[in-house]
Protein chains: 2
Amino acid sequence: MTTTDAFESYLAKSNLRVTKERQQLYDGVRAQKGHFTVDTLVHRLKESGYAISRDTVYRNLPLLLEAGVVRQSFRAGRETIYEVDEGKPHHDHLLCSQCGKVEEFVDPKIEALQEDVARQFEFELQHHCHQLVGICKKCRKS
Amino acid sequence: MTTTDAFESYLAKSNLRVTKERQQLYDGVRAQKGHFTVDTLVHRLKESGYAISRDTVYRNLPLLLEAGVVRQSFRAGRETIYEVDEGKPHHDHLLCSQCGKVEEFVDPKIEALQEDVARQFEFELQHHCHQLVGICKKCRKS
DNA sequence: CTCTTATTGCAATTCAGTCTTAATAGGAAT
DNA sequence: ATTCCTATTAAGACTGAATTGCAATAAGAG
Ligand SMILES: [Mn+2]
Ligand SMILES: [Mn+2]
Ligand SMILES: [Zn+2]
Ligand SMILES: [Zn+2]
């Protein structure tokens with residue numbers, strides 16, 4: 001009983017091969033809770049017995065993005081932070097500059113106003129990146 | 001007649017030395033129009049006869065930011081984009097993913113809603129970074 | 001099973017940004 | 001003006017995320 005998962009469908013559609021590494025990568029990525037970097041992902045994959053090289057992860061990231069499996073979440077320093085995309089609705093982020101805490105938010109009014117701005121400048125909006133940076137309640141008390 | 005400029009005041013206040021490099025950096029930075037990267041800044045400084053090393057620029061950037069001379073504008077790929085801060089009011093950016101065109105916008109309603117979101121999560125908002133990415137009118141026609 | 005070629009792992013490379021260090025120069029004290 | 005302390009500089013080595021070249025491997029069509 002082969003699992004016909006979303007990623008395999010995408011690979012088939014794109015005439016790409018279904019390799020052991022890609023299957024394990026798909027499984028491993030979907031097991032991630034919350035936000036993660038490529039390096040932490042590689043480590044966790046190794047811990048799960050999936051020995052996939054860092055390069056293979058990087059090379060397959062564009063596919064995972066395109067297939068809607070992961071999403072580029074935001075950037076912390078020089079690193080790109082990812083998160084699982086499948087099923088999870090769009091949202092933006094609120095970061096604590098002291099402890100690094102990450103909160104997620106969606107504001108339909110902001111979303112709509114962004115569309116208005118794009119229309120005003122005659123841009124066809126593709127995506128946006130919106131981060132609020134501040135100090136969380138806990139950090140403010142110290 | 002020594003020019004008592006904003007940066008020199010900041011340096012004095014912070015017990016930092018006024019060097020030839022810092023003066024030239026201040027002049028050079030304020031001469032920049034629009035958005036720029038550290039490397040283009042270094043090149044332009046060199047062209048203006050100011051031979052300031054890349055390292056000195058990087059070492060003084062935190063001071064220029066703190067003094068309110070420059071502002072971290074946004075990130076394009078791996079590079080950080082800067083722009084002159086003095087006198088220029090806050091705004092966010094709209095980028096064309098095809099040609100790299102940059103537009104600036106401010107939406108008071110979005111600004112206010114951001115404060116609401118921060119309040120809701122009990123964050124004290126420090127700053128935010130908001131970029132809209134899309135395709136500009138010109139690029140859509142090709 | 002055979003053969004073509006996409007995919008992999010490894011090592012080398014890029015690139016923005018940082019760090020080390022020896023030499024230089026700001027500027028306070030004399 | 002001269003001395004002296006130390007902040008600051010330039011050059012080059014270094015870092016860490018991400019990319020690329022290449023030889024070996026394996027997917028999967030025939
Ligand atoms: Mn998220
Ligand atoms: Mn701007
Ligand atoms: Zn915090
Ligand atoms: Zn364009």
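Hydrogens, waters and symmetry mates are skipped; everything else that's a heavy atom, side chains included, is used. The shown structure was predicted, so the numbers you read here are calculated from the model rather than taken from an experiment.
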Separation of atom [atom1] in [X] from atom [atom2] in [N], rounded to whole Å:
{"X": "Arg54(A)", "N": "dT19(D)", "atom1": "CZ", "atom2": "C1'", "value": "10 Å"}
{"X": "Ile52(B)", "N": "dA11(D)", "atom1": "CD1", "atom2": "C1'", "value": "16 Å"}
{"X": "Asn60(A)", "N": "dA27(D)", "atom1": "CG", "atom2": "P", "value": "14 Å"}

Could you tell me from which nucleotide to which nucleotide of DNA chain C, 5' to 3', there is an atom under 4.0 Å from chain A heavy atoms?
dT5(C) to dT18(C)

Hey, does [Y] have a side-chain heavy atom less than 4.5 Å from the side chain of [X]?
{"X": "Gln23(B)", "Y": "Val18(B)", "answer": "yes"}
{"X": "Thr80(B)", "Y": "Val38(B)", "answer": "no"}
{"X": "Arg44(B)", "Y": "Phe36(B)", "answer": "yes"}
{"X": "Val69(B)", "Y": "Asp85(B)", "answer": "no"}
{"X": "Gln120(B)", "Y": "Glu103(A)", "answer": "no"}
{"X": "Asp92(A)", "Y": "Asp107(A)", "answer": "no"}
{"X": "Leu64(B)", "Y": "Val29(B)", "answer": "yes"}

Please classify the nucleic acid contact of Ala12(A) as base, sugar-phosphate, or nothing, using heavy-atom distances under 4.0 Å.
nothing

Have a look at Ala76(A) and say if it touches a base, only the backbone sugar-phosphate, or nothing, with a 4.0 Å heavy-atom cut-off.
nothing

If you find the nucleotide of DNA chain D closest to Ala51(B) and the one closest to Asp55(A), which residue's nucleotide is nearer the 5' end?
Ala51(B)

With sequence neighbours excluded, residues passing salt bridge (Lys or Arg N to Asp or Glu O under 4.0 Å) with [X]:
{"X": "Asp27(B)", "result": "none"}
{"X": "Glu111(A)", "result": "none"}
{"X": "Lys88(B)", "result": "Glu83(B), Glu104(B)"}
{"X": "Arg75(A)", "result": "none"}

Has Arg22(B) got a side-chain atom pairing as donor or acceptor with Arg17(B)'s backbone, closer than 3.5 angstrom?
yes

Backbone of Glu8(A) reached by a side-chain donor or acceptor of Asp5(A) within 3.5 Å:
yes

Using the test ring pair (Phe, Tyr, Trp, His ring centres under 6.0 Å), find all partners of His93(B) that sit at least two apart in sequence or belong to another chain.
His35(B), Phe74(B), His91(B)

Of all of residues 14-38 of chain B, which get a heavy atom below 4.0 angstrom from DNA chain D, listed by number?
Leu16(B), Arg17(B), Thr19(B), Glu21(B), Arg22(B)

Scan residues 61-70 of chain B against DNA chain D and write down, sorted by residue number, each residue with any heavy atom closer than 4.0 Å; if none is found, say none.
none

Global bending angle along the helix from dC1(C)-dG30(D) to dT30(C)-dA1(D), which compares the axes of five pairs at either end, to 10 degrees
30°

So if I take residues 78-85 of chain B and measure heavy-atom distances to DNA chain C, which residues fall below 4.0 Å?
Arg78(B), Glu79(B), Thr80(B)

Table please: side-chain donor-acceptor pairs of residues 129-138 of chain B below 3.5 Å, with sequence neighbours left out.
residue   : atom : partner   : partner atom : Å
His130(B) : NE2  : Gln114(A) : OE1          : 2.4
Lys137(B) : NZ   : Glu122(A) : OE1          : 3.3
Lys137(B) : NZ   : Glu122(A) : OE2          : 3.3

Please tabulate, for side-chain N and O atoms in residues 49-59 of chain A, each donor-acceptor pair with protein atoms closer than 3.5 Å (sequence neighbours left out).
residue  : atom : partner  : partner atom : Å
Ser53(A) : OG   : Thr56(A) : N            : 3.2
Ser53(A) : OG   : Thr56(A) : OG1          : 3.1

